[in-house]
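What you are looking at is a predicted structure, and each value in this text was computed from that prediction instead of being measured.
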Amino acid sequence: FVHYRSLIFPLLIRSGKPTPFFTFVLALLFCVYNGYLQGRSLSNYAKYPSGWLKDPLFITGFIGWIVGMAINIHSDHILRNLRKPGETGYKIPRGGMFEYVSGANFFGEIVEWFGFALACCTIESLAFALCTLFILGSRAKQHHQ
């Protein structure tokens with residue numbers, strides 16, 4: 001998913017508001033530090049029994065991660081195609097999970113990272129899932145209003 005969000009998604013965006021440089025730098029630093037924490041915790045500290053990949057926690061978390069990623073990617077596709085070229089103005093997204101929640105893209109990402117946390121069962125992955133919930137939850141509430 002990191003490759004999708006950081007490399008593919010930006011190339012698919014047709015237009016939009018420019019991101020302030022300071023915001024970009026803070027986001028970059030957060031992602032680098034979080035990636036380091038996740039990788040370090042999984043490679044150096046997490047201990048899993050030999051049958052972990054068959055454990056219901058791992059399987060449920062992995063499925064949650066896949067489902068959340070699919071919701072997120074599909075929701076991004078719907079958002080990118082809301083307006084025809086040259087069109088402006090606000091449009092309400094329809095289809096997919098937007099039929100159930102107004103911030104389907106945020107919802108998908110939250111599900112994705114809670115699935116990751118369940119599959120990994122580490123404090124670091126849970127911390128990231130909770131940060132995602134609080135940050136994207138507040139953005140979703142703003143978008144809904």
Side-chain angles (χ1 to χ4, degrees), residues 1-19 23-24 26-43 45-145:
F1 182 76
V2 172
H3 294 96
Y4 168 76
R5 181 57 71 200
S6 60
L7 299 174
I8 298 168
F9 178 75
L11 296 174
L12 295 174
I13 297 173
R14 285 188 244 182
S15 65
K17 299 177 197 168
T19 301
T23 303
F24 165 77
L26 288 178
L28 178 69
L29 290 174
F30 174 82
C31 289
V32 167
Y33 185 67
N34 179 58
Y36 170 78
L37 282 179
Q38 300 303 324
R40 179 104 175 153
S41 104
L42 291 172
S43 63
Y45 303 109
K47 303 287 183 217
Y48 300 105
S50 62
W52 180 246
L53 297 180
K54 295 178 183 174
D55 189 282
L57 280 176
F58 176 81
I59 292 169
T60 304
F62 182 73
I63 290 170
W65 179 74
I66 292 289
V67 167
M69 183 172 22
I71 291 169
N72 194 359
I73 290 171
H74 184 251
S75 300
D76 284 345
H77 173 76
I78 290 171
L79 289 172
R80 275 194 315 274
N81 293 295
L82 273 179
R83 294 182 208 94
K84 294 181 176 104
E87 243 183 353
T88 60
Y90 182 77
K91 294 225 178 180
I92 296 175
R94 301 276 183 221
M97 285 300 293
F98 284 108
E99 297 300 320
Y100 305 101
V101 292
S102 57
N105 52 327
F106 300 128
F107 173 75
E109 195 157 343
I110 291 166
V111 168
E112 181 180 350
W113 294 118
F114 270 95
F116 176 78
L118 189 59
C120 295
C121 286
T122 64
I123 258 317
E124 294 83 2
S125 62
L126 177 61
F128 180 58
L130 289 171
C131 285
T132 301
L133 173 66
F134 296 137
I135 292 167
L136 295 185
S138 66
R139 288 186 63 200
K141 184 178 177 187
Q142 284 177 322
H143 283 249
H144 180 75
Q145 292 170 340

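For N34 and Q38, the side-chain atoms include at least one donor-acceptor pair closer than 3.5 Å.
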Could you pull out all donor-acceptor pairs under 3.5 Å where a side-chain atom in residues 126-135 meets a protein atom, sequence neighbours excluded?
{"residue": "T132", "atom": "OG1", "partner": "F128", "partner atom": "O", "Å": "2.8"}

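Across R139 and F106, no two heavy atoms sit closer than the pair CZ-CE2, 3.9 Å. A pairwise comparison of heavy atoms in C121 and L57 identifies SG-CD1, 4.0 Å as the closest pair. Minimum interatomic distance between W52 and L118 (heavy atoms only, all atoms of both residues): CZ2-O, 4.3 Å.
Atoms NE2 and CG, from H77 and N72 in turn, are 13.5 Å apart once rounded to the nearest 0.5 Å. A distance of 8.0 Å separates CD1 in I78 from CD in E99, rounded to the nearest 0.5 Å. Interatomic distance, CZ of R94 versus CG of L82, reported as 10.0 Å (0.5 Å rounding). Atoms OH and CD, on Y45 and E124 in that order, are 9.0 Å from each other to the nearest 0.5 Å. Remark: C31 SG to L26 CG distance equals 11.0 Å, nearest 0.5 Å. Annotation: the span from D76 atom CG to E109 atom CD amounts to 8.0 Å, rounded to 0.5 Å.
At least one side-chain heavy atom of Y33 sits under 4.5 Å from a side-chain heavy atom of L37. Taking 4.5 Å as the limit, every side-chain heavy atom of F62 sits out of range of all side-chain heavy atoms of L53. A heavy-atom distance below 4.5 Å is found between the side chains of M97 and Y100. F107 places a side-chain heavy atom less than 4.5 Å from the side chain of I71.
A perpendicular orientation is assigned to the rings of W113 and F116, their planes being inclined by more than 60° (bins at 30° and 60°).
Annotation: I123, atom CD1; neighbour count of heavy atoms from other residues, nucleotides and ligands within 6.0 Å does not exceed 12. More than 12 heavy atoms of other residues, nucleotides or ligands sit less than 6.0 Å from atom OH of Y48.
For K47, the salt bridge (charged side-chain N to carboxylate O under 4.0 Å, His left out) test picks out no residue, with sequence neighbours left out.
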